[in-house]
Amino acid sequence: MSRTREIIHKRHGMESKETLRKLVHEFPDNPAGMDYFYALFERAYCDGEPLHEGRPVVGTLCVQAPDELVRACGGVPVRLCNGAYALDQVGAEHLPARSCPLVRATLGAFESRAVAPMDQLSLVINPTTCDQKKKAAEHIASLGYEVYSLEFPPVKHSEQAREYWRSSVRRFAHSLPRYTGRKLTRRRLRRALREVDRAQAEYRRLQRLRQARPTPLFGKDAFLVTGAYFFDDLGRWTEALRALNDELEQRVADGFAAAQSRAPRILFTGSPPIFPNLKLPMLIEQSGAIVVADEVCSANRMLHDRVAVDEWFLYDMVDAIADRYLKPCTCPIFDTSEDRRRRLLELARSHHVDGVVYQAFAGCQVYEMEHRAIAQALQAEQLPVMYIETDYSPDDMGQLSTRVEAFVESLKAKRRRRTA
């Protein structure tokens, strides 16, 4: 490892270790079931341990990459979007100053090769959703990585868009065995669908448990659990989540509260929190509120909807997978945010939300542009919204802390007035 790469690797490990320390030690009564996930992040992020040696690792740059197909072809899907400020600074040398910190950090990981699994990648899948990732993909390819651009439509409600996306996914399914070395068959795809379905069933169970009043789990742990899905062994992840859910069910039965019983319940949306950049969710919960639901592409959106298969023939299953990744998608890149507004209101009602925190990364234009329409829809339902524009830098922590504390206090005051 070169000296520069070694320094970046060390800085990334220190940043991850500090975030993990806060997650574990600055919050009370962590569930025992979370120990698996804390140890997993320590191995992968702090120690840089390769987790999938001997198997083809397929990197993804967006949740719209169908991971069922990757699994059926013998590959291990690993999401490469990065949340490290150390890697953001590396990527900033190659991208404009006003670019998204998530894209900068992700490119920084490719440039430095200082974190796992950058030396293991057989392929990088880049769905053409985010414009900045589309342009960054060309740079990634120039570094020697094999990049597959999975063409994604800018609209989703027309039959033409649906067929366009289906044809893109079919071509991808046909090409994938060249990179993984295993043929896509009906039996293998059906097995992969069952494995993912079991994981999704446990994840939906977790979301139902978070609806409880009081809720048994901090949002910072829910983000960590979901983040682990993107790089852990699927079977181990599902079993670990099942054990955690069993513990949380007992907590609900016992009336256990992760936060104070009067803590405002927060719905988190906007640009995705990705480890180790969990500063805003942690600030919210350190300020006396609790994140009980989210609508971001690094969490709830990924595992909410099942694949609905009518016929169990190979390309009927491939088409059903394509539909699952298009129809329920609430990404703001589409021409309208109607489905996203509907989903946010559903989550607010089902999880008994008191307020919404909307995070927009500086330079993430689609989230910056849509926030006003989203805020109007939520405020029409008497839901207060706090909009925060931030990045990966720790420099704004003091200002963010002041704003978050004021918002949480306003929610508490509103609840007191309602009770009175």
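Numbers here simply count residues along the sequence, with the first being 1.
Ring-centre distance between Phe223 and Phe37: not below the 6.0 Å cut-off. Taking the six-membered ring wherever Trp is involved, the centroid distance between the rings of Phe275 and Tyr45 falls below 6.0 Å. The ring of Tyr387 has its center no closer than 6.0 angstrom to the ring center of Phe407.
A side chain to side chain donor-acceptor pair (under 3.5 Å) with Ser393 is found for one member of Asp395, Thr390, Asp396 and no other, namely Asp395.
Taken from OG in Ser149 to NZ in Lys134, the straight-line distance is 9.5 Å, to the nearest 0.5 Å.
Under 3.5 Å, the side chains of Ser337 and Glu370 contain a donor-acceptor pair of N or O atoms. A donor atom on one side chain and an acceptor atom on the other are not found under 3.5 Å apart for Gln207 and Arg204. In the model, Gln200 has no side-chain atom that pairs as donor or acceptor with a side-chain atom of His304 under 3.5 Å. Donor-acceptor pairing under 3.5 Å is recorded for the side chains of Tyr325 and Glu68. Ser401 and Glu405 are linked by a side-chain donor-acceptor pair at a separation below 3.5 angstrom, with hydrogens and angles left out of the test. In this model, no donor atom of one side chain and acceptor atom of the other lie less than 3.5 Å apart for Asp246 and Gln250. Under 3.5 Å, the side chains of Tyr203 and Thr226 contain a donor-acceptor pair of N or O atoms. Side chains of Gln286 and Glu26: a donor-acceptor N/O pair is present below 3.5 angstrom, by distance only.
In this structure a side-chain-to-backbone donor-acceptor pair under 3.5 Å is present from Gln132 to Gly363.
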- Show your working on salt bridge (Lys or Arg N to Asp or Glu O under 4.0 Å) between Arg21 and Glu18 and close with a plain yes or no. CA-CA 5 Å; Arg21 183 195 66 77; Glu18 177 60 16; 2.8 Å; yes

- Query: Taking it one step at a time, do Val63 and Phe230 satisfy side chain to side chain contact (heavy atoms under 4.5 Å, CB included)?
  - Reply: CA-CA 9 Å; Val63 293; Phe230 295 112; 3.8 Å; yes

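Figure legend: cation-pi geometry between Arg190 and Trp312, with NZ or CZ positioned under 6.0 Å from the six-membered ring centre and within 45° of its axis. Geometrically, Arg11 does not engage Tyr392 in a cation-pi contact, judged by NZ or CZ lying under 6.0 Å from the ring centre and within 45° of the ring axis.
Lys10 and Glu6 are not joined by a salt bridge, as no carboxylate oxygen comes within less than 4.0 angstrom of a charged side-chain nitrogen. Taking a cutoff of 4.0 Å between a charged side-chain nitrogen and a carboxylate oxygen, Glu295 and Arg340 qualify as a salt bridge. A salt bridge is defined here as a Lys NZ or Arg NE, NH1 or NH2 lying under 4.0 Å from an Asp or Glu carboxylate O, and Lys279 with Glu15 fails to meet this definition.
For the pair Ala173 and Leu69, the tightest heavy-atom approach, listed with the atom from each and the gap, is CB-CD1, 4.1 Å.
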